[in-house]
Amino acid sequence: MRPVVLTPGEREQPAWIPADTLREVRERAADGATVLVRLPAPLDAALAAAAVYRRAGAGVFVTEHADQVRLALEMTDCLSGTRPPALTRRGLA
């Protein structure tokens, strides 16, 4: 599932299960739920938390920095091997 990034005023689905800690995210994602997390306000903290929560299985993110977080989540998915990169290049050394 591609991650969903919302701003604080956007509508949330009732099927999304909120989680506040990394442990809750792991447990609820393991049960097959779509996990929603709210990211902190500072940009650097939001990017770091988004990457960690995504690796733990979160699928919905609420943040003030939607564009930056979306890019960080795409990069996290590429590095995890769950999403192919948008552009690949072959380098010769």
Side-chain angles (χ1 to χ4, degrees):
M1 171 184 142
R2 288 189 69 163
V4 176
V5 180
L6 305 172
T7 56
E10 290 187 74
R11 185 178 169 105
E12 301 171 8
Q13 300 293 324
W16 296 336
I17 309 296
D20 296 322
T21 65
L22 187 58
R23 182 178 184 166
E24 289 178 1
V25 170
R26 285 187 182 132
E27 290 171 356
R28 293 175 181 165
D31 292 339
T34 301
V35 182
L36 177 139
V37 292
R38 298 181 193 290
L39 300 176
L43 177 60
D44 55 347
L47 296 176
V52 171
Y53 283 140
R54 182 64 180 163
R55 288 288 307 226
V60 182
F61 302 84
V62 179
T63 180
E64 298 173 3
H65 312 285
D67 292 334
Q68 295 93 334
V69 167
R70 191 173 291 113
L71 183 62
L73 292 172
E74 289 176 1
M75 188 176 356
T76 300
D77 285 349
C78 287
L79 292 172
S80 299
T82 57
R83 176 184 186 274
L87 177 67
T88 58
R89 296 184 189 211
R90 181 173 176 211
L92 300 173

Identify the heavy atoms of [X] and [Y] that sit nearest to each other, and give their distance.
X     : Y     : result
Pro3  : Phe61 : CB-CE1, 3.9 Å
Ala46 : His65 : CB-CD2, 4.2 Å
Thr63 : Pro8  : O-CD, 3.3 Å

Who pairs with [X] by side chain to side chain donor-acceptor pair (under 3.5 Å), at least two apart in sequence or on another chain?
X     : value
Glu10 : Thr7
Arg38 : Glu12
Arg23 : Glu27
Arg55 : Ser80

Look at the side-chain heavy atoms of Ile, Leu, Val, Met, Phe, Trp and Tyr, link any pair under 4.5 Å apart, and say whether [X] and [Y] land in one connected group.
X     : Y     : result
Leu36 : Ile17 : no
Met1  : Leu6  : yes
Leu73 : Val52 : yes
Leu47 : Val62 : no

- Message: Let's go through Val35 and Val60 carefully: what are the C-alpha distance in whole Å and the side-chain angles of both, what is the deciding distance for side-chain contact (heavy atoms from CB on, under 4.5 Å) to 0.1 Å, and is it a yes or a no?
- Response: CA-CA 6 Å; Val35 182; Val60 182; over 6 Å; no

- Query: According to the salt bridge (Lys or Arg N to Asp or Glu O under 4.0 Å) rule, which pairs have a member within residues 60-79, sequence neighbours left out?
  - Reply: Arg2-Glu74, Arg54-Asp77, Asp67-Arg70

- List for me each residue that meets side chain to side chain contact (heavy atoms under 4.5 Å, CB included) alongside Ala30, sequence neighbours excluded, and say none if there are none.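 Ala30 satisfies side chain to side chain contact (heavy atoms under 4.5 Å, CB included) with no other residue.
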
- Message: Does Leu39 form a side-chain contact (heavy atoms from CB on, under 4.5 Å) with Val69? I'd like the steps, not just the answer.
- Response: CA-CA 9 Å; Leu39 300 176; Val69 167; 3.9 Å; yes

- Reference residue Tyr53; test side chain to side chain contact (heavy atoms under 4.5 Å, CB included); the match among Leu22, Thr21, Thr76: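 That would be Leu22; it is the only one of Leu22, Thr21, Thr76 passing the side chain to side chain contact (heavy atoms under 4.5 Å, CB included) with Tyr53.
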
